Structures are given as C-alpha cells and as structure tokens.
There are 2 protein chains.
Amino acid sequence: MAVLEDQARFLRCIGEPTRLQILKLLAEGERCVGDLACVLNKEQSLISHHLRALKECNIVKERQEAQKVYYKLTDARLARLIIDCEALMKELLLCKCQEVNYERKGNQGSGEGEICPDS
Amino acid sequence: MAVLEDQARFLRCIGEPTRLQILKLLAEGERCVGDLACVLNKEQSLISHHLRALKECNIVKERQEAQKVYYKLTDARLARLIIDCEALMKELLLCKCQEVNYERKGNQGSGEGEICPDS
DNA sequence: CCCATATATGAATTACAATTCATATAAACA
DNA sequence: TGTTTATATGAATTGTAATTCATATATGGG
C-alpha cells in the first residue's frame, strides 16, 4: 500500500501555504523563480526549496530560458483540483460556523444534522 | 488571506497516512472508534487524536450510540475528492517514472515534454 | 576572463505534528 | 454502587518539515 503514502505525500505537498500560493500563481501561467519570490515576498532560496518539493511530486515542471528558469503545472487538472478543494473546504467551514452559532442559541444539538444534513 | 491558510490546513489534515486511511474507510460508511483502531491496527488514542483533527476541519462528524461513537464524513463530496486526487496523483507519478526511463535510455531531455505534453 | 544575474543546494535551526503513555470521563450493566 | 467497555484528553517524546544563511553553479554580457 505504497499508494496511500504517495497520496498523503502529494496532499501534504500541496497543503503548505507557500507552496499553495505558488501553485495558484502557476495556475494562471508559467513564472520564473525570481518572479515568484518577488510576488510572494519570500526568499529566493525558500521558493527554490518549495519548487523542488513540488517537482519531486511531479506537480510542476521547469523550462530554462537563458539564466531564468520558468515553472508551470505539469497538468491543468491540478488547477481544477485546487479550485474544487477550496470551494468544498469553504462550504465545510461555513457549515462549522453555523453549527457554532446554532449551539450558542441554547440548543443541545441532537447530533443529526439539521444544518449539515446527511449526504 | 486566511482562506489560503485554511485550505492548506485542510489539505494537510487529509494528507496524513493514518487520517487518509480513516477517511477511505469512512467513505464506505460510518464506523466507531474501536473499529477503526482495530482495522488499522493502531492505538485507540491515536485514532481519537486523528478524529479530533478531522473534526476540527469539519471533515467528519460523530454520532453517539450507547458507549460507542460513530464517525462519518460530513459531505459525500469528500469521498469523491479523495478518489479524484488519487487518480490524478497516480497519473503524475506514472508520468515521472516514464521520464526517468526515458532519460536512462540516453536522451538529454529537451525539457519540452514528449511524455508529459503541455496541457 | 571577469562580473552581474538567476537559481540551486546543503547544513543548521526552528517550528510543528505524530505517536505513545497514563489517565480521565462516561455509559451500560450486574 | 462497583465494574467493564468505549472513547477522549493531556503531557512528554519523537519525528519531520519549513525556514534561513552561506555558498555553489551556471548563464550571458562587457
């Protein structure tokens, strides 16, 4: 069951704030390392480290042009995955907030979702 | 940009091998803590800790029945997300292997994906 | 050839997360 | 009420990952 480990590694690779920012930028188009560092206001070496991590998971690939190295996503579906995941996460968090408000109004919470009904 | 942090936290929460296993089990239906610990051959306290982490991200919810506490996914789309993500990850890794084999045959690799063509 | 620019790398540090262990809580039942 | 079963919790430990810093590599231009 190495697949499980690979999938977990893949998710963790995306699930780091700086790398996620990088991926969202690359979803719009390719960028060179310096650009990314500048836009994200992070050290260049940090960006390089993160790009290497992303490359090891085959999430990004690079192309050299003169001194500059441009990175892009290896697959457009990655952009969609990130968007879909964001949307779902937002819904889940919203749901959580509603539950908190609901409980604050003095309800005990039967446990059977009036707010988050079973799927 | 708290959304970014939330999304990253969400992905990391899923991207831990034991939690991912739990989620894959819960995708099939609800389970109590003891069951999960037994099936996964892990300590009960460990499973509880992981379930708490998942609950904090609103990925799972619980229902108590006598002494037992049953957990399930808060949303069926989570199961699909995990499946889709696994499929994509597998493709990306396969792609990576092919690149390695390709380079082993003595090619220099122009950098412009004969194997992973641009999307 | 030397210099400036762009990126990568490795070691060291720091921060964070997973796991274990001991124990607390709580429900059912004799 | 005392005991068993099921789960949760917190502290301590261990492991892993992010960040920084110094430096190496490599490209293009004067």
Side-chain angles (χ1 to χ4, degrees), chain A residues 1-2 4-23 25-26 30-72 108-111, chain B residues 1 4-23 25-26 30-57 59-72 108-111:
Chain A
M1 268 294 174
L4 182 93
E5 298 283 337
D6 287 336
Q7 187 178 4
R9 200 190 329 280
F10 174 78
L11 285 161
R12 262 174 304 162
C13 194
I14 298 176
E16 197 285 322
T18 303
R19 285 196 291 265
L20 190 53
Q21 281 186 297
I22 290 173
L23 292 177
L25 285 170
L26 296 185
E30 69 172 12
R31 292 248 195 188
C32 68
V33 181
D35 262 23
L36 289 168
C38 185
V39 171
L40 301 179
N41 195 34
K42 307 262 166 161
E43 295 213 359
Q44 170 268 316
S45 65
L46 179 60
I47 301 299
S48 275
H49 280 303
H50 282 310
L51 286 168
R52 186 162 56 82
L54 289 167
K55 203 173 72 174
E56 268 165 20
C57 284
N58 232 40
I59 292 169
V60 302
K61 60 183 169 183
E62 86 255 62
R63 170 182 72 84
Q64 182 150 11
E65 186 179 308
Q67 297 131 303
K68 295 190 177 177
V69 178
Y70 289 88
Y71 281 84
K72 63 159 72 165
Q108 290 303 321
S110 71
Chain B
M1 267 297 173
L4 183 93
E5 297 283 337
D6 286 335
Q7 186 178 5
R9 200 188 331 279
F10 173 78
L11 285 161
R12 261 173 306 164
C13 194
I14 299 175
E16 197 285 322
T18 303
R19 284 197 292 265
L20 189 53
Q21 279 186 297
I22 290 173
L23 293 177
L25 285 170
L26 296 185
E30 68 173 13
R31 292 250 195 188
C32 68
V33 181
D35 262 24
L36 289 168
C38 184
V39 171
L40 300 180
N41 195 35
K42 307 262 166 161
E43 296 214 357
Q44 171 268 316
S45 65
L46 180 59
I47 301 299
S48 276
H49 281 304
H50 282 311
L51 286 169
R52 187 162 56 82
L54 289 167
K55 203 173 71 171
E56 268 165 20
C57 283
I59 292 169
V60 301
K61 61 183 170 185
E62 86 256 61
R63 170 182 73 85
Q64 184 150 11
E65 188 179 306
Q67 299 131 304
K68 294 190 179 178
V69 179
Y70 289 88
Y71 282 84
K72 64 159 73 164
Q108 289 304 319
S110 70

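Just so we're clear, the structure is a prediction, and the values are computed from it rather than from any experiment. Residue numbers start from 1 in every chain, and the chains themselves are labelled A, B, ... in the order their sequence lines are given, proteins ahead of strands. Basis for what follows: all heavy atoms, side chains included, without hydrogens, waters or symmetry-related copies.
- Ranked by how close their nearest DNA chain D nucleotide is to the 5' end, A:Gln67 and A:Arg19 are led by A:Arg19.
- Residue order along DNA chain D, read from the 5' end via each residue's closest nucleotide, puts B:Lys55 first among B:Lys55 and A:Arg9.
- The aromatic ring of A:His49 stacks onto the base of C:dT9, its centre lying under 5.5 Å from the centre of the six-membered base ring with the two planes under 30° apart.
- With sequence neighbours left out, B:Gln64 forms a side chain to side chain donor-acceptor pair (under 3.5 Å) with no residue at all.
- Below the 3.5 angstrom threshold, one finds a donor paired with an acceptor across the side chain of B:Gln44 and the base of D:dA8.
- Closest to the B:Glu43 side chain, of the nucleotides D:dG28, D:dT9, C:dT20, is C:dT20.
- When each of C:dT7, C:dC21, D:dT7 is scored by its nearest atom to the side-chain atoms of B:Val33, the top-ranked nucleotide is D:dT7.
- An OP1 or OP2 oxygen of C:dA8 is reached within less than 4.0 angstrom by a side-chain nitrogen or oxygen of A:Tyr71.
- No side-chain heavy atom of A:Leu46 sits under 4.5 Å from any side-chain heavy atom of A:Leu40.
- One distance of note links CZ of B:Arg19 with CG of B:Leu51; it measures 10.0 Å at 0.5 Å rounding.
- With contacts defined as side-chain heavy-atom distances shorter than 4.5 Å, the pair B:Lys55/B:Glu62 qualifies.
- OP1 and OP2 of D:dT16 both lie 4.0 Å or more from every side-chain N or O belonging to A:Arg12.
- For A:Glu16, the side-chain atoms get nearest to D:dA18 when compared with the rest of D:dA18, D:dT7, C:dT7.
- Applying the 4.0 Å criterion to OP1 and OP2 of D:dT19, one finds that A:His50 has a side-chain N or O inside that range.
- Here C:dA8 is the nucleotide among C:dA8, D:dT27, D:dA6 with the atom lying nearest to any side-chain atom of A:Ser45.
- Which of D:dT7, D:dT5, D:dG28 sits closest to the side chain of B:Val69 comes down to D:dT7.
- A close approach under 4.0 Å does not occur between any side-chain nitrogen or oxygen of B:Arg52 and OP1 or OP2 of D:dT7.
- Candidate nucleotides D:dT27, D:dA6, C:dT7 were compared by shortest atom distance to the side chain of A:Gln64, and D:dT27 ranks first.
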